[in-house]
Amino acid sequence: MSFALQAALANNMKKREKIGVLEPFMHHATWHIRNGTIYTNWEHIIFTGLKANKEKFGNLTPEEFAAKHKKALATYEELRDAIPTFDKNMKTIGQDPDYLNRLCKMMITAAGTARSNNISSLKKNALTYAALCLPEGRLEPPINPNDSKKTTRGFKHPQFGALLVPANCFKQYQNDPEYHQKLMLNKVTIKAKAMPHLIYLFDKYDPKHILEGMFMALALVAVFQHIFMSPSSALKTPGANCTGIGKAWKHHMKLVTIPNIAYTCTHYQYAISRCMDWRQNNQHFNYEEFYIEVVKMLEWARDNDPKWWSDFITWWNVQVFPIDKDSVTESSLSDKEATTSTFKKIKAQVKASHTEKADFVDPALSYPNSDWR
């Protein structure tokens, strides 16, 4: 064997070894986007973690550095825990700055590819899932699932429009032809803070009890199972689904989390909209803002009404994971109101419920009121 051939083979082996080192990092990035944060700057995460490990805090004290980069360091530690050979791999990668930069770029690319794969696979199946929420149980008129431009989705389709319209504008959408027409012509501004009707059971939004039924639409459960389990499991009987469960448990996912729900809602909204690019606003509706708003709302509700949260997350876990059945127990709205924050309304209602309860119960013994659930 010639020296040149030996050198070429050795070089190929080194490349394969490097790719092998990178694979678990990329694999984690594809999962983290679904279960962590919808946009993650892995370059910032990894370089911040390495600085902390090397105690390079700049002009900051260790405590100040930890406080400033709390989220980044938490994500770094999550990555470290997920890869058994993390320290060994990082020692190898860290010796070559170009190799380290390549790792960060490949993780970002892997995450983007995972999101694109979810978008692609849901493009057709979301039509079936959306029909679960409709009184008719079907799309009328039917939509061609192979329409690559999504021309008949969004507010161009009356039933999808009913799901995409802000929940507090649903009645107006049903009863006001002029408002309906404005939405079709993109003449109404819809912000991500105004939660769409699709997160509720159809026509079950109650402005006096906003949290009741929120994020409990059957289509959301189907989309969740499509993404986190497998497409074949999406329409299985709730609580009896074992198909694809290994995919979730492989990543130590045994319970539904807030980021899971936010990622599911964001993909469902995108799938039935006319938007063709995740990065672009859809009638001023920003998908990253929507994801963040869902996370904020659920975290706030969890922290301010533990009883509601317990019932809510138990319902979700029962829908998604296999269980032992024996163990489980109209006023006219203006166009401007489509931008009203649902989150602000929820906080006002919870605050009011706390005040009302304080009139009857010793505040020292009071517990978050669940009358509005």
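These numbers come from the heavy atoms of this one structure, side chains and all, not from hydrogens, waters or symmetry mates. We count residues from 1, following the sequence as given.
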> Regarding Lys171 and Asp176, does a basic nitrogen lie under 4.0 Å from an acidic carboxylate oxygen?
no
> Do the rings of Tyr263 and Phe228 sit parallel, tilted or perpendicular, given the 30° and 60° boundaries?
perpendicular
> Please assess Leu218 against Tyr129 for the test side-chain contact (heavy atoms from CB on, under 4.5 Å), listing each intermediate value before the final yes or no.
CA-CA 8 Å; Leu218 294 180; Tyr129 307 151; over 6 Å; no
> Tell me, with the steps shown, if Tyr268 and Tyr270 meet ring pair (Phe, Tyr, Trp, His ring centres under 6.0 Å).
CA-CA 5 Å; Tyr268 179 37; Tyr270 180 84; over 10 Å; no
> Which distance, rounded to the nearest 0.5 Å, do you find between the CE of Met297 and the CZ of Arg302?
14.0 Å
> For His32 and Glu78, does a side-chain donor sit closer than 3.5 Å to a side-chain acceptor?
yes
> Taking the six-membered ring for Trp, are Phe312 and Trp308 parallel (under 30°), tilted (30 to 60°) or perpendicular (over 60°)?
parallel
> State, with a plain yes or no, whether a side-chain heavy atom of Tyr76 is found less than 4.5 Å away from one of Phe86.
yes
> Fit a plane to each ring of Phe170 and His197, take the angle between them on a 0 to 90° scale, and name the class: parallel (under 30°), tilted (30 to 60°) or perpendicular (over 60°).
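Because their plane-to-plane angle is under 30°, the rings of Phe170 and His197 count as parallel.
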> Start with the C-alpha gap between His69 and His44, add the side-chain angles, then the distance that decides, and say whether ring pair (Phe, Tyr, Trp, His ring centres under 6.0 Å) holds.
CA-CA 10 Å; His69 301 290; His44 172 67; 5.7 Å; yes
> Tell me whether Glu77 is salt-bridged to Arg80, with the criterion being a basic N under 4.0 Å from an acidic carboxylate O.
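Salt bridge present between Glu77 and Arg80.
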> Is it true that Asp311 and Lys307 make a salt bridge, defined as a side-chain N closer than 4.0 Å to a carboxylate O?
yes
> Just do the side-chain contact (heavy atoms from CB on, under 4.5 Å) check on Leu73 and Thr48 with the steps written out, would you?
CA-CA 7 Å; Leu73 293 173; Thr48 300; 3.9 Å; yes
> Side chains of Glu136 and Gln159: donor-acceptor distance under 3.5 Å anywhere?
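Per modelled atom types, Glu136 and Gln159 side chains form a pair under 3.5 Å.
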> Quick one, Trp316 with Phe224, criterion ring pair (Phe, Tyr, Trp, His ring centres under 6.0 Å). Give me CA distance, side-chain angles, the key distance, then yes/no.
CA-CA 10 Å; Trp316 260 100; Phe224 181 101; 5.5 Å; yes
